[in-house]
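Taking it in order: structure first as structure tokens, then the write-up.
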Amino acid sequence: MAFLIDGKKISAEIKDELKEQVAALAAKGTTLTLAVIQVGDDKASSVYVGNKKKACEYIGVQSLAYELPASTTEEELLSLVKELNERKDVNGILVQLPLPKHIDEDKVLLAIDPDKDVDGFHPVSVGRLWIGQKGYESCTPAGIIQLLKRSGIEIAGKECVIVGRSNIVGKPMAALLLRENGTVTVCHSRTKDLASVTKRADILVVAIGKPKFITAEYVKEGAVVIDVGIHRMEDNKLCGDVDFADVEPHVSAITPVPGGVGPMTIAMLMCNVVRSAEQ
Ligand code: GUN
């Protein structure tokens, strides 16, 4: 039986540690505030934003919620971001994605002060990450590093294969695994003979957005498998990008869906908010 990497437990531990750090900061007179902006009423976004607000409340960070109508113009949003950049009492700014089509996401992300970019999406944050400077790390890949470390899984010297090259997961994951001295390969839709590459992995991170895509023939015996995907199936059950039942008997450790990577994203966002006190 594979070891189940428990994201629910690890994220709860991290949030409890952060709660103590926030209390210690408060005792010294430093309070933390996260501004969360949502434009429109995308259902999934509303759930994520609600969970982010709850996490803030739990660890003792104040959240400022901006729920703007879908008709908000790019200028109006940019002007709000500018105002929040200038506010001394706001430590972090998060603009929930996706934004309505008439708003240029890149332009909005670029407008956020990199010192308040707790999502780690600003090009300056991305650049800092790649050249090893201090800055905010993208939350989902940072959460995966914590899952590995807190489960006692060594990264240094390991063959790490990432399936998916998105800006939010695949690319920053590569930077973080490299920083931990892994040997990193990034695969994507144009990779030839994907299984021959994924089978090399000691640590396989899957973020391709296709339900149950990775089956046993893609994994090496004894590998560690991290599943970033989450999908609602016709029977209403959740599944990941990995066919868990097929893969689990062959691996040494695996993240479940739900309860694996998912809960880590918000824990790491909170970690970035607490780190913003240092900026
Ligand atoms: N939409 C889906 N995931 C995320 C995230 O981590 N941050 C933001 N801002 N938007 C998202």
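As the structure is a prediction and not an experimental result, all values here were calculated from the model.
- The closest side-chain donor-acceptor pair between Glu159 and Thr185, if any, does not fall under 3.5 angstrom.
- Of all the heavy atoms in Ser196 and Arg200, the pair that sits closest is O-CG, 3.6 Å.
- Residues Leu68 and Leu34 share a hydrophobic cluster, clusters being chains of Ile/Leu/Val/Met/Phe/Trp/Tyr side chains in contact below 4.5 Å.
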Check step by step if side chain to side chain contact (heavy atoms under 4.5 Å, CB included) holds for Lys53 and Glu57. CA-CA 6 Å; Lys53 286 193 274 191; Glu57 204 174 311; 6.0 Å; no
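- At least one side-chain heavy atom of Val81 sits under 4.5 Å from a side-chain heavy atom of Ile37.
- Taking CZ of Arg275 as the reference point, atom CD of Gln21 lies at 11.0 Å (rounded to 0.5 Å).
- Taking the ring axis of Tyr58 as reference, the NZ or CZ atom of Lys19 stays within 45° of it and closer than 6.0 Å to the ring centre.
- When ring centroids are compared, Tyr218 and Phe213 come within the 6.0 Å threshold.
- Looking at heavy atoms from C-beta onward, Leu194 lies in side-chain contact with Cys187 at the 4.5 angstrom threshold.
- Looking at Asp119, its side chain never comes within 3.5 Å of a backbone N or O of Leu94 through a donor-acceptor pair.
- Of the possible polar contacts, one joining the Ser166 side chain to the Val169 backbone as a donor-acceptor pair under 3.5 Å is found.
- Connection of Val228 to Val247 is not established within any shared hydrophobic cluster, with ILVMFWY side chains joined at heavy-atom distances below 4.5 Å, either directly or through further cluster members.
- Salt-bridge formation is detected for the pair Lys82/Glu86: a Lys NZ or Arg NE/NH1/NH2 atom is positioned less than 4.0 Å from an Asp or Glu carboxylate oxygen.
- Side-chain atoms of Asp117 and Ser125 form a donor-acceptor pair, as typed in the model, at a separation below 3.5 Å.
- Counting only heavy atoms from C-beta outward, the side chains of Tyr66 and Leu80 approach each other to under 4.5 Å.
- Across every non-hydrogen atom of Ile153 and Ile5, the tightest pair is CD1-CD1, 3.8 Å.
- Annotation: side chain of Leu204 is not in contact with side chain of Val224 (no heavy-atom distance under 4.5 Å).
- Under the 4.5 Å side-chain heavy-atom criterion for grouping Ile, Leu, Val, Met, Phe, Trp and Tyr, Ile10 is connected to Leu176 within one hydrophobic cluster.
- Counting heavy atoms from C-beta on, the side chains of Val90 and Lys116 come closer than 4.5 Å.
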When you look at Met264 and Gln146, which way does the side chain to side chain contact (heavy atoms under 4.5 Å, CB included) test go after all the steps? CA-CA 8 Å; Met264 295 301 291; Gln146 286 301 312; 3.7 Å; yes
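- The backbone N or O of Arg190 lies less than 3.5 Å from a partner atom in the side chain of His188, making a donor-acceptor pair.
- At least one donor-acceptor pair under 3.5 Å links the side chain of Lys158 to the backbone N or O of Glu154.
- The NE2 atom of His250 sits 9.5 Å away from atom OG1 of Thr215, with the distance rounded to the nearest 0.5 Å.
- Atom CE of Met1 sits about 11.0 Å away from atom CD1 of Ile254, to the nearest 0.5 Å.
- Under the 4.5 Å side-chain heavy-atom criterion for grouping Ile, Leu, Val, Met, Phe, Trp and Tyr, Val205 is not connected to Val225 through any hydrophobic cluster.
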Show the numbers, then the answer: is there a salt bridge (charged side-chain N to carboxylate O under 4.0 Å, His left out) between Lys8 and Asp6? CA-CA 5 Å; Lys8 234 174 139 176; Asp6 190 344; over 6 Å; no
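- The distance from atom CD1 of Ile59 to atom NZ of Lys54, rounded to the nearest 0.5 Å, is 15.5 Å.
- For the residue pair Phe3 and Ser151, the shortest heavy atom distance occurs at CE2-CB, 3.9 Å.
- Inspection of the Asp113 and His122 side chains reveals no N or O donor paired with an N or O acceptor under 3.5 Å.
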Test Ile144 against Leu177 for side chain to side chain contact (heavy atoms under 4.5 Å, CB included), laying out the working first. CA-CA 10 Å; Ile144 291 170; Leu177 287 167; 5.9 Å; no
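- Around the CZ atom of Arg232, the shell of radius 6.0 Å holds more than 12 heavy atoms that belong to other residues, nucleotides or ligands.
- Between the side chain of Ser138 and the main chain of Ile168, a donor-acceptor pair closer than 3.5 Å is present.
- The side-chain contact (heavy atoms from CB on, under 4.5 Å) test with Val261 is passed by exactly one of Ile230, Ile226, Val206: Ile226.
- Considering all non-hydrogen atoms of both residues, Leu18 and Cys271 come closest at CD1-N, 3.5 Å.
- Taken from OG1 in Thr183 to CG in Leu178, the straight-line distance is 8.5 Å, to the nearest 0.5 Å.
- Side chain of Thr30 to main chain of Ala26: no donor-acceptor pair is present (N/O by atom type, distance under 3.5 Å, no hydrogens or angles).
- With contacts defined as side-chain heavy-atom distances shorter than 4.5 Å, the pair Glu74/Asp104 qualifies.
- Taking a cutoff of 4.0 Å between a charged side-chain nitrogen and a carboxylate oxygen, Glu137 and Arg179 qualify as a salt bridge.
- Hydrophobic clustering of Ile, Leu, Val, Met, Phe, Trp and Tyr side chains at less than 4.5 Å, counting indirect connections, keeps Tyr48 apart from Leu97.
- Of all the heavy atoms in Val108 and Leu78, the pair that sits closest is CA-CD2, 4.0 Å.
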Side chain to side chain contact (heavy atoms under 4.5 Å, CB included) between Arg150 and Ile14, intermediate numbers included: CA-CA 10 Å; Arg150 289 174 185 247; Ile14 292 173; 3.5 Å; yes
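- Between Ser71 and Glu76 the shortest heavy-atom distance is O-OE1, 4.4 Å.
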Checking Asp241 against Lys212 for the salt bridge (charged side-chain N to carboxylate O under 4.0 Å, His left out) test, could you report, in this order, the C-alpha distance in whole Å, the side-chain angles of both residues, the deciding distance, and whether it holds? CA-CA 5 Å; Asp241 290 349; Lys212 299 190 184 181; over 6 Å; no
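- Around the CG atom of Asp16, the shell of radius 6.0 Å holds more than 12 heavy atoms that belong to other residues, nucleotides or ligands.
- The shortest distance between side-chain heavy atoms of Lys52 and Ser63 does not fall below 4.5 Å.
- In this structure a side-chain-to-backbone donor-acceptor pair under 3.5 Å is missing from Lys15 to Ala267.
- For Asp41 (side chain) and Ala70 (main-chain N/O), no donor-acceptor pair under 3.5 Å exists by modelled atom type.
- Annotation: the span from Leu25 atom CG to Thr31 atom OG1 amounts to 9.5 Å, rounded to 0.5 Å.
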Glu217 and Lys199: CA distance, side-chain angles, deciding distance, salt bridge (charged side-chain N to carboxylate O under 4.0 Å, His left out) verdict: CA-CA 8 Å; Glu217 62 260 38; Lys199 259 186 162 331; over 6 Å; no
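- Looking at heavy atoms from C-beta onward, Ile145 lies in side-chain contact with Ile155 at the 4.5 angstrom threshold.
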